[in-house]
Amino acid sequence: MESPEHGSAKKAGIPQPIRSDGAGNVDLGPRDVMRDRENPDMFIPPVTDNGLIPNLKFSFSDAHMQLNHGGWSREVTVRELPVATTLAAVNMSLTPGGVRELHWHQQAEWSYMLLGSARITAVDQNGRNFIADIGPGDLWYFPPGIPHSIQGLAEGCEFLLVFDDGTFSDLNTLSLSDWFAHTPKEVLSANFGVPPSAFDYLPKEQVYIYQDQVPGSLQSQKVQSPFGEIPLSFKHRLLAQPPLKTPGGSVRIVDSSNFPVSRTIAAALVEIEPGAMRELHWHPNNDEWQYYLAGEGRMTVFGGNGAARTFNYRAGDVGYVPFAFGHYIQNTGKETLWFLEMFKSDRFADVSLNQWMALTPEELVSSNLNVGPELIDALRKIKWPVVTYPGYGGPERKA
C-alpha cells in the first residue's frame with residue numbers, strides 16, 4: 001500500500017532524486033523542496049558528474065545581515081565559502097545620505113555599483129585627493145591603506161565590494177570613529193591642537209554605517225588640495241566600455257591595462273543570452289570568484305582525475321572556480337544571464353579549449369580524441385568567450 005506521504009508527493013509534483021534510467025529513489029523524509037527546485041543539477045546530477053569537488057556556491061541570501069541606520073551589509077568570506085581563499089565580498093546598501101564612514105583597509109577594495117548612485121572620497125599618502133560620483137555599472141578601486149568613504153546620493157544605492165583576501169571582514173576594518181573612541185582625549189587634543197572638550201561627544205564605538213543628509217552637488221563638495229588630485233582615477237565606467245560581442249552574448253574585461261589603478265583585481269562582466277554558454281575554458285593566473293547579477297545558469301567544473309561537479313546559480317549567488325580548473329557556464333533560463341568573474345591579479349587571462357585545439361596540429365588532436373573532420377574543421381582559431389548551442393536539455397529527470 002502506498003504511504004500518504006508518497007501519494008501526496010506525487011500529486012504535488014514534488015521533484016524526486018530519480019534519473020530516467022531508474023537510478024536513485026524517492027525522498028520522503030524531511031527536506032527543503034524549494035532548495036531542491038533551485039538546485040536541480042545538484043539534486044539530480046548529470047551522469048558526467050563524478051568524484052570529489054568542494055562546494056563552489058554560496059548565496060548572499062544565506063549571509064548574515066548587518067543593519068544600521070543608513071543602510072545594511074552582508075558578506076561572503078572563507079567562513080561562508082571555505083574554498084574561496086583569494087577574494088571576499090560585501091553586498092552593501094546605503095539610504096539617501098547614508099554613509100559608510102571614513103575608513104581604510106589592509107586589503108584593496110574593488111566595487112561594482114548595482115543600483116542607484118553614490119559619492120566616493122579618498123586621499124592618498126601624498127595628500128592628493130579624489131571625489132567622484134558613481135552610477136550603475138561603474139567601478140571604483142582603492143589600493144590597500146588608502147582612506148576613503150562612500151555616501152548614498154538622492155536615490156540611495158546598492159553595490160558589491162570585493163577584497164583581495166578571502167579572510168577579509170568588513171566589520172573588522174580600520175575606522176575613523178573606532179580609532180577616536182580608543183584614543184585618550186589628551187592625545188587627540190595634542191594631535192589636533194584643540195581643547196579636550198572638543199571630543200566630548202565622540203561615538204563610543206565604531207559607527208560603520210550612519211544616516212546623514214544627502215550631500216550637495218559634486219562642485220559644492222570639492223576640496224582643493226595643495227598637492228593636486230590623485231593621478232590615476234579610482235573610477236572606471238565599465239558599462240560604458242565597448243563589449244566584445246560574439247554569437248550568444250558579450251564580455252567586458254577590466255584590469256590594469258584599461259583601469260591602471262586596479263593592480264590586484266581583474267574582472268570580466270559576462271552576458272549570456274538564452275541558448276548560449278560561456279565556453280569551455282580555464283584561467284592560468286588565479287582562482288575565479290563569481291557574482292551572479294541576473295538570470296539563471298549552471299556551471300560544471302572539471303578538477304582532473306575524473307572529478308567534475310555541476311552547480312546551479314541565480315541572481316545574488318556567489319560561485320568559485322579553483323585555479324586552472326576547467327569549467328563552462330550555461331544559461332538555463334529564459335532571460336539573459338549576467339555575472340561578474342573576478343581574479344586576484346593585475347590582468348584578466350583565460351585559455352579557450354576551442355582555440356587551444358584549433359592551434360594544435362590536426363593529426364594530434366584527431367588521434368588524441370579519436371575524432372574526425374566534423375569536429376576538426378569546426379575549431380576556431382579566434383577565441384569566442386560566449387557561444388551558442390542547440391539548447392539546454394540537462395539531465396533527464398522524472399518527478
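Just so it is clear, the structure is predicted and the values come from calculations on it, not from any experiment. Both backbone and side-chain heavy atoms feed into the values below; hydrogens, waters and symmetry mates do not.
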Main chain of [Y], side chain of [X]: is a donor-acceptor contact present, judged purely on distance under 3.5 Å?
X    : Y    : answer
Q330 : M277 : no
N286 : K344 : yes
R100 : G71  : no
S352 : K383 : no
D32  : M34  : yes
S111 : L160 : yes
S256 : R263 : no
R119 : G216 : yes
D287 : F323 : yes
R74  : H64  : no

So do the side chains of [X] and [Y] get within less than 4.5 Å of each other, counting heavy atoms only?
X    : Y    : answer
V386 : V270 : yes
F168 : T173 : yes
L202 : L188 : yes
K57  : V318 : no
L337 : I329 : yes
P15  : V33  : yes

Would you tell me whether [X] and [Y] have side-chain atoms, one donor and one acceptor, within less than 3.5 Å of each other?
X    : Y    : result
D165 : T167 : yes
N68  : Y210 : no
Q206 : S175 : yes
S59  : Y313 : no
E271 : S250 : yes
S177 : E205 : no
T332 : R314 : no
Q211 : H69  : no
N91  : E75  : no

Taking [Y] as the starting point, is it possible to reach [X] by hopping between hydrophobic residues whose side chains are less than 4.5 Å apart?
X    : Y    : result
V99  : L218 : no
L56  : F60  : yes
L293 : L161 : yes
L102 : V123 : no
M42  : F302 : no

Please report the interatomic distance [atom1]([X]) to [atom2]([Y]), rounded to the nearest 0.5 Å.
X    : Y    : atom1 : atom2 : result
L81  : L87  : CG    : CG    : 11.0 Å
Q241 : L244 : CD    : CG    : 10.5 Å
L232 : R128 : CG    : CZ    : 8.5 Å
C157 : L115 : SG    : CG    : 9.0 Å
M299 : H327 : CE    : NE2   : 6.5 Å
Y112 : H236 : OH    : NE2   : 11.0 Å

Kindly give the heavy-atom pair with the smallest separation between [X] and [Y], and that separation in Å.
X    : Y    : answer
I253 : V251 : CG1-CG1, 3.7 Å
S189 : P196 : OG-CD, 3.6 Å
I230 : A122 : CD1-O, 4.3 Å
F348 : A268 : CE1-CB, 3.6 Å

Can you tell me if [X] has over 12 outside heavy atoms packed within less than 6.0 Å of its [atom1]?
X    : atom1 : result
Q219 : CD    : no
R237 : CZ    : no
L364 : CG    : yes
M65  : CE    : yes
N305 : CG    : no
Q106 : CD    : no
W72  : CH2   : yes

For residues [X] and [Y], establish whether the separation of their ring centroids is below 6.0 Å.
X    : Y    : result
Y291 : F339 : no
F180 : F192 : yes
Y328 : H281 : no

Applying side chain to side chain donor-acceptor pair (under 3.5 Å) to R309 and not counting sequence neighbours gives none

Check your understanding: Would Y208 and S73 count as a side chain to side chain donor-acceptor pair (under 3.5 Å) if you check the C-alpha gap in whole Å, the side-chain angles of each, and the deciding distance to 0.1 Å?
Key -> CA-CA 10 Å; Y208 186 56; S73 70; 2.8 Å; yes

Contacts table for residues 138-155: side-chain donor-acceptor under 3.5 angstrom, sequence neighbours left out:
{"unit_1": "D138", "atom_1": "OD2", "unit_2": "G135", "atom_2": "N", "d": "2.9"}
{"unit_1": "W140", "atom_1": "NE1", "unit_2": "E109", "atom_2": "OE2", "d": "2.8"}
{"unit_1": "Y141", "atom_1": "OH", "unit_2": "T264", "atom_2": "N", "d": "3.3"}
{"unit_1": "Y141", "atom_1": "OH", "unit_2": "T264", "atom_2": "OG1", "d": "2.7"}
{"unit_1": "H148", "atom_1": "ND1", "unit_2": "I146", "atom_2": "O", "d": "2.8"}
{"unit_1": "H148", "atom_1": "NE2", "unit_2": "H103", "atom_2": "NE2", "d": "3.1"}
{"unit_1": "H148", "atom_1": "NE2", "unit_2": "H105", "atom_2": "NE2", "d": "3.3"}
{"unit_1": "H148", "atom_1": "NE2", "unit_2": "E109", "atom_2": "OE1", "d": "3.0"}
{"unit_1": "S149", "atom_1": "OG", "unit_2": "T121", "atom_2": "OG1", "d": "2.6"}
{"unit_1": "Q151", "atom_1": "NE2", "unit_2": "G97", "atom_2": "O", "d": "3.1"}
{"unit_1": "Q151", "atom_1": "NE2", "unit_2": "Q213", "atom_2": "O", "d": "2.9"}
{"unit_1": "E155", "atom_1": "OE1", "unit_2": "S117", "atom_2": "OG", "d": "3.1"}
{"unit_1": "E155", "atom_1": "OE2", "unit_2": "S117", "atom_2": "OG", "d": "3.1"}

side-chain contact (heavy atoms from CB on, under 4.5 Å) test vs P322 passes for just one of T85, V83, T86, I53, namely V83

Of N312, D41, T310, the one forming a side chain to side chain donor-acceptor pair (under 3.5 Å) with R298 is D41

| Aromatic rings F343 and H283: how do their planes relate, parallel, tilted or perpendicular, breaks at 30° and 60°? | tilted

Flag the pair D350 and R278 as a salt bridge only when some basic side-chain nitrogen lies within less than 4.0 angstrom of an acidic carboxylate oxygen.
yes

